[in-house]
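Here's the structure we're looking at; comments come further down.
To find a chain, count down the sequence lines: A is the first, B the second, and so on, and within it residues start at 1. Everything numeric here is computed off the predicted structure, so don't read it as measured data.
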2 protein chains.
Amino acid sequence: MKNGKYGISDVAEMLGVSKSTVSRVINGNEGVGPELRKKVMDFINEIGYQPNTIAQSLSKGRMNIVALILGDIRNPFYADLTFNIQRILNDNGYMVMVLNSEYNIDRELEFLKLTEQFNFAGLILITAQEKAIEERLKNMEMPKVLVNRILPYYTGDSVLIDNFQAGYQATMHLIELGHRHIGFIKGPGVSSASSQRFAGYRQVLENYGFSFDEKCVFESDLKLETGRALAQQFLEIKERPSAMVVVNDMTAIGFMDGCRKAGIRIPEELSIISFDDIAMASMYGIELTTISQHVDEMGEKAAHLMLKQLNDKDAKTERIIMEPTLIVRKTTCECSEI
Amino acid sequence: MKNGKYGISDVAEMLGVSKSTVSRVINGNEGVGPELRKKVMDFINEIGYQPNTIAQSLSKGRMNIVALILGDIRNPFYADLTFNIQRILNDNGYMVMVLNSEYNIDRELEFLKLTEQFNFAGLILITAQEKAIEERLKNMEMPKVLVNRILPYYTGDSVLIDNFQAGYQATMHLIELGHRHIGFIKGPGVSSASSQRFAGYRQVLENYGFSFDEKCVFESDLKLETGRALAQQFLEIKERPSAMVVVNDMTAIGFMDGCRKAGIRIPEELSIISFDDIAMASMYGIELTTISQHVDEMGEKAAHLMLKQLNDKDAKTERIIMEPTLIVRKTTCECSEI
DNA sequence: TTGTACGCGTTATCAG
DNA sequence: CTGATAACGCGTACAA
């Protein structure tokens with residue numbers, strides 16, 4: 001080899017055996033006598049030979065890398081998910097390529113293209129409910145796992161929270177505390193998780209005959225700063241709701257911050273409930289009432305679904321649905337305006 | 001091609017030209033007439049041909065992926081850094097492979113091995129100051145950028161905060177507030193950022209003739225939960241310090257939480273200052289006094305250093321040193337015990 | 001059990 | 001300006 005490193009041919013030559021033999025030893029394939037095998041192994045360790053992954057991949061037709069497409073790694077929910085997925089896949093011989101779509105469809109499509117060009121072994125998606133995406137996915141013949149999202153015609157493996165139920169549950173919690181005028185902060189329009197939660201919220205309103213007020217619905221890109229900014233818009237509402245359901249903890253924390261800095265007392269004047277239960281949510285001074293998505297478990301299940309497909313091309317598809325859990329802390333209380 | 005997809009040979013054949021021509025068009029290389037070029041381009045777009053990156057990489061001898069080794073993506077400081085690095089490198093045709101070492105040397109060494117096997121184009125490290133690592137790096141001939149860490153004999157590109165200065169500055173802030181008995185929570189022993197900050201702290205103590213108390217020094221793995229747990233150890237100290245310098249915001253937030261839940265008032269009874277200035281640090285209820293590392297700028301500089309090397313093999317090496325900035329919020333106040 | 005020869009898809013070198 | 005052909009490093013039928 002040029003690079004000063006050894007190639008399989010070098011090893012074979014120096015050892016006086018064929019490349020095939022060395023290849024078999026590297027991959028632990030049978031068909032090599034014990035003595036020869038040991039001899040090759042020892043020699044490889046001695047000179048520090050490392051097989052070239054690119055060449056292996058080209059030959060095998062696929063790379064042992066799994067792509068993970070998500071919105072923004074800075075969101076703790078995604079970071080937690082990523083960490084667990086990565087840990088498990090790494091331990092099983094795969095690397096994980098994290099791709100930040102920044103909630104942008106074109107970027108996602110671009111990543112899907114790259115996923116094909118790189119011949120990645122698999123694809124884990126926390127992605128947009130967008131026709132273009134779904135169309136593209138159909139033509140990609142590789143292990144796929146959809147996480148916490150729904151695509152109408154997608155039939156492959158997926159692990160998700162019952163987000164409708166989560167939205168319903170969150171809103172019910174507020175109703176039970178006596179709230180009647182409840183607002184909502186949505187996520188990006190392309191997030192099915194957000195849509196489902198919103199649908200659950202609407203359902204409660206309808207079931208209990210409370211009117212839905214368009215002016216009390218906002219949209220966030222799930223970032224802390226955005227939540228803070230939305231507080232300004234919230235302040236301008238004439239008849240402010242007594243409670244808000246917020247699409248995720250990060251937005252809620254920012255929103256709370258903005259409201260409190262404007263003098264609104266939480267929860268006395270405004271109850272807030274959100275979704276995710278990130279680590280920060282339990283902190284003194286934050287203590288957010290939230291709906292847990294069991295993110296660790298979710299990541300582990302996603303990773304295992306991927307491994308299953310990776311190891312068995314014909315494995316039956318699974319659709320794992322997890323139950324959300326209400327965690328009551330200190331940002332919700334009984335409505336004082338009754 | 002087998003896969004149902006087109007390869008360069010297919011394109012060449014269908015078009016009645018040679019592979020070379022198609023290759024030239026794909027890569028925008030000169031040596032193809034305008035008409036032929038357009039004809040090929042159109043055809044490629046029409047049938048949706050995508051070059052196989054693995055084959056390209058094998059041929060070129062390197063993969064357009066940059067490895068990024070860090071401790072734990074769940075730490076917001078790393079997540080911010082990662083996001084910016086990724087954004088810039090993606091925009092320049094590279095992908096970024098994030099590798100979580102979990103602050104474990106063996107894992108890091110394993111990742112370095114993989115980096116070689118995969119023929120990654122470059123390596124960005126936020127890594128341990130460990131002889132084994134440094135030794136390994138020497139033998140890796142590829143663009144490298146060290147971020148916020150120091151390795152004694154490393155001479156390549158790096159971008160870092162003056163962490164000694166940061167530690168000094170933080171401690172001085174407390175001294176100026178009248179504190180005399182100041183404790184410290186370190187990071188993992190292998191983190192040079194932590195060591196440097198600790199050294200700065202020791203220096204202040206020495207300069208002002210205040211005694212150093214071993215019992216008031218703890219160690220964290222930079223996680224929130226660990227900070228919370230350390231609060232329990234802190235409570236057991238007989239003569240508790242009136243102020244603590246904490247290695248990073250996440251640990252500090254957890255530590256604060258633990259202390260407050262145990263009834264300690266902050267800052268009245270205990271002042272806390274830390275490092276990073278993550279987004280959460282400015283939240284109502286947290287409002288941490290901290291030393292900013294200008295993480296966004298840091299990520300951008302790291303990415304640009306990498307691009308520079310990627311584009312110019314013989315670029316001169318740079319060592320960018322940034323100044324830390326003290327941000328005073330509400331977790332420090334004048335010492336009441338004077 | 002071991003070795004030979006070809007294929008993987010692309011780039012690069014050298015003729016024409 | 002264009003084309004044939006040899007690498008790139010490894011896996012794998014197939015032959016010995």
Side-chain angles (χ1 to χ4, degrees), chain A residues 1-41 43-44 47-64 93 113-114 116-121, chain B residues 1-41 43-44 47-65 93 114 116-121:
Chain A
M1 271 186 66
K2 340 169 117 176
N3 214 359
K5 294 180 190 176
Y6 300 112
I8 198 173
S9 317
D10 302 311
V11 176
E13 194 174 341
M14 297 165 80
L15 222 40
V17 300
S18 77
K19 293 193 298 178
S20 319
T21 301
V22 181
S23 174
R24 288 184 184 111
V25 173
I26 293 170
N27 298 303
N29 291 336
E30 51 189 5
V32 181
E35 308 150 19
L36 219 195
R37 165 162 270 133
K38 179 164 167 35
K39 183 178 165 191
V40 175
M41 279 288 264
F43 186 71
I44 282 175
I47 68 171
Y49 162 73
Q50 297 170 347
N52 178 323
T53 311
I54 301 183
Q56 288 181 313
S57 302
L58 179 62
S59 193
K60 289 196 170 150
R62 90 173 199 193
M63 193 131 224
N64 55 339
K113 183 176 161 193
L114 287 170
E116 281 189 320
Q117 293 189 210
F118 272 93
N119 277 294
F120 288 149
Chain B
M1 271 186 68
K2 339 169 120 177
N3 216 359
K5 294 180 190 175
Y6 300 111
I8 199 174
S9 314
D10 302 310
V11 176
E13 194 174 340
M14 297 166 80
L15 222 40
V17 300
S18 75
K19 293 192 296 178
S20 317
T21 302
V22 181
S23 174
R24 289 183 183 111
V25 173
I26 293 169
N27 298 304
N29 290 336
E30 50 189 5
V32 181
E35 306 151 20
L36 219 196
R37 163 162 270 132
K38 179 164 165 35
K39 183 177 164 193
V40 175
M41 278 287 265
F43 187 71
I44 281 176
I47 68 171
Y49 161 74
Q50 297 170 347
N52 178 322
T53 311
I54 301 182
Q56 289 181 315
S57 303
L58 178 62
S59 194
K60 291 196 170 148
R62 94 175 195 192
M63 193 132 223
N64 54 342
I65 293 179
L114 288 171
E116 282 188 319
Q117 293 190 207
F118 272 92
N119 277 294
F120 288 148

(message) Applying a 4.0 Å non-hydrogen cut-off, can you work out what B:Leu36 is touching in the nucleic acid: base, sugar-phosphate, or nothing?
(response)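 Touches sugar-phosphate only.
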(request) Indicate, with a heavy-atom threshold strictly under 4.0 Å, whether A:Gly31 touches base, sugar-phosphate, or nothing. (result)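 Touches a base.
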Quick check on [N]: is either OP1 or OP2 less than 4.0 Å from any side-chain nitrogen or oxygen of [X]?
{"X": "A:Ser18", "N": "C:dT4", "value": "no"}
{"X": "B:Tyr49", "N": "C:dG9", "value": "no"}
{"X": "A:Gln56", "N": "D:dG11", "value": "yes"}

(message) Heavy atoms from C-beta onward define the side chain here; which of C:dT10, C:dT4, C:dC8 lies closest to that of A:Leu58?
(response) C:dC8
(message) Can you tell me which nucleotide in C:dT10, D:dC10, D:dT2 comes closest to the side chain of B:Val32?
(response) D:dT2
Would you mind reading off the distance between [X] atom [atom1] and [N] atom [atom2], rounded to a whole angstrom?
{"X": "B:Gln117", "N": "D:dC8", "atom1": "CD", "atom2": "P", "answer": "19 Å"}
{"X": "B:Met63", "N": "C:dG9", "atom1": "CE", "atom2": "P", "answer": "15 Å"}
{"X": "A:Ile54", "N": "D:dC8", "atom1": "CD1", "atom2": "P", "answer": "14 Å"}
{"X": "B:Ile8", "N": "C:dG7", "atom1": "CD1", "atom2": "C1'", "answer": "16 Å"}
{"X": "A:Glu13", "N": "C:dG3", "atom1": "CD", "atom2": "P", "answer": "13 Å"}
{"X": "B:Asp10", "N": "C:dC8", "atom1": "CG", "atom2": "P", "answer": "10 Å"}
{"X": "B:Arg37", "N": "D:dC1", "atom1": "CZ", "atom2": "P", "answer": "9 Å"}
{"X": "B:Tyr6", "N": "C:dG9", "atom1": "OH", "atom2": "P", "answer": "14 Å"}

(request) Indicate yes or no for a side-chain donor-acceptor contact from A:Asn64 to the backbone of A:Gly93 under 3.5 Å, with no hydrogens or angles considered. (result)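 Yes: the side chain of A:Asn64 pairs with the backbone of A:Gly93.
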(request) Hey, could you give me the CG/NZ distance between B:Asn27 and B:Lys60, rounded to the nearest 0.5 Å? (result)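 Spacing of CG (B:Asn27) from NZ (B:Lys60) equals 5.0 Å.
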(message) Return the OG to CG distance between A:Ser57 and B:Leu58, rounded to the nearest 0.5 Å.
(response)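 Result: 9.5 Å between the selected atoms.
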Protein N or O to nucleotides 12-16 of chain C N or O, pairs below 3.5 Å:
| from | atom 1 | to | atom 2 | distance (Å) |
| --- | --- | --- | --- | --- |
| C:dA12 | N6 | B:Ser20 | OG | 3.3 |

N/O donor-acceptor pairs under 3.5 Å from side chains in residues 17-26 of chain B, not counting sequence neighbours:
| from | atom 1 | to | atom 2 | distance (Å) |
| --- | --- | --- | --- | --- |
| B:Ser18 | OG | B:Ser20 | N | 3.4 |
| B:Ser18 | OG | B:Thr21 | N | 3.4 |
| B:Ser18 | OG | B:Thr21 | OG1 | 3.3 |

(request) Please test A:Ile8 against A:Tyr49 for side-chain contact (heavy atoms from CB on, under 4.5 Å), starting from the C-alpha separation and ending with a verdict. (result) CA-CA 8 Å; A:Ile8 198 173; A:Tyr49 162 73; 3.7 Å; yes
